[in-house]
Amino acid sequence: YAMLFTPMGALVLACALFLVVEYRNYRSDIFHTVDTLARLTAENSTAAIAFNDQPAARQILASLQAEPQIVSAALYDDDGRLIASFRSSPDAVVDEARPDGAARLGFADAGYIVAVQPVTENARRLGTLYVRASMGQIVARMRTYALVVLGVLITAFGLAGVIASLLRRTLARPILELARTAEAVT
C-alpha cells in the first residue's frame, strides 16, 4: 500500500488546486459581472435621475432581478437623496449614499460585493448607483465541487486499494514460494 500514497497524494494536490483555481475564476467572473451590470445600469439611469423620474428609475433597477446574485441596488441623486431602490427580498440591505460616490468595486460585509458607480452625463455628475451582490452562488458552487472531488478521491482510493490487493496476491505469491524454496534448501 505504500506505493499508493505517492499517486494518491498527487491526486489530492491536483484536486485541491482545481478547487482553488475554480474559486478564483468564479470570483473574478462575479466581480466582472457585477461591475458590468453597475456600469450599464448607471448609463441607463441618466435620464431617470436628470428628470427625477422615480418610476423609470425603479423599472431600471428592477431589471437587475434577472441576475440572481444581485440582492439590492439603490440610485441616488447628486445630493444623496434616494431616487429608487431594488431589493430581491424584503430583508436585503440597501447601501446608503456616501459623499464621494467614487467608482469602486469590492467586498462589503461577509459574503457580499458592492459596486459603486457614478451616474454621469457629458462629464456632469448626476448621482450614484450602488449595487450589492451575494457571493452565495460561489459558496454553493464550491460546495458542489468539493463533494465531487471528495467522491473522486474516495472512488480512486477504493479502486487503488482493490487493485493493490489483487496485484499483491498475484505478484507476491511467486516471490513467497521462491523464498520458501530457498529456505528449505538452506
Any idea which heavy atoms bring [X] and [Y] closest together, and the distance?
X      : Y     : answer
Leu61  : Ala84 : CD1-O, 3.4 Å
Gly127 : Ile49 : CA-CD1, 4.2 Å
Ala74  : Leu82 : CB-CD1, 4.0 Å

side-chain contact (heavy atoms from CB on, under 4.5 Å) for Val119 and Leu129? Distances and angles first, verdict last. CA-CA 7 Å; Val119 179; Leu129 171 70; 4.3 Å; yes
Can you check whether [Y]'s main-chain N or O pairs, donor with acceptor, with [X]'s side chain at less than 3.5 Å?
X      : Y      : result
Thr120 : Arg125 : no
Thr46  : Ala42  : no
Asp35  : Phe31  : no

How many angstroms lie between atom [atom1] of [X] and atom [atom2] of [Y], to the nearest 0.5 angstrom?
X      : Y      : atom1 : atom2 : result
Leu126 : Phe51  : CG    : CZ    : 10.0 Å
Ser85  : Gln54  : OG    : CD    : 10.0 Å
Glu177 : Thr181 : CD    : OG1   : 7.0 Å
Glu67  : Thr36  : CD    : OG1   : 10.0 Å
Tyr26  : Gln137 : OH    : CD    : 4.0 Å
Ser134 : Ile30  : OG    : CD1   : 7.0 Å

Are any non-hydrogen side-chain atoms of [X] and [Y] less than 4.5 angstrom apart?
X      : Y      : result
Cys15  : Leu13  : no
Val71  : Arg87  : no
Val131 : Thr41  : no
Arg27  : Met135 : yes
Asp77  : Asn52  : no
Gln117 : Thr128 : no

Under the criterion side-chain contact (heavy atoms from CB on, under 4.5 Å), I'd like the reasoning laid out for Tyr23 against Val21: C-alpha separation, chi angles, the key distance, then a yes or no. CA-CA 5 Å; Tyr23 173 80; Val21 168; over 6 Å; no
Phe86/Ile70 under side-chain contact (heavy atoms from CB on, under 4.5 Å): CA gap, chis, key distance, verdict: CA-CA 9 Å; Phe86 160 77; Ile70 304 298; 4.1 Å; yes
With a 6.0 Å cut-off on ring centres, are Phe18 and Tyr145 close enough?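 Yes, close enough.
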Same cluster for [X] and [Y] if Ile/Leu/Val/Met/Phe/Trp/Tyr side chains link at under 4.5 Å?
X      : Y      : result
Val149 : Phe157 : yes
Ile60  : Leu37  : no
Ile138 : Leu19  : yes
Val34  : Val139 : yes

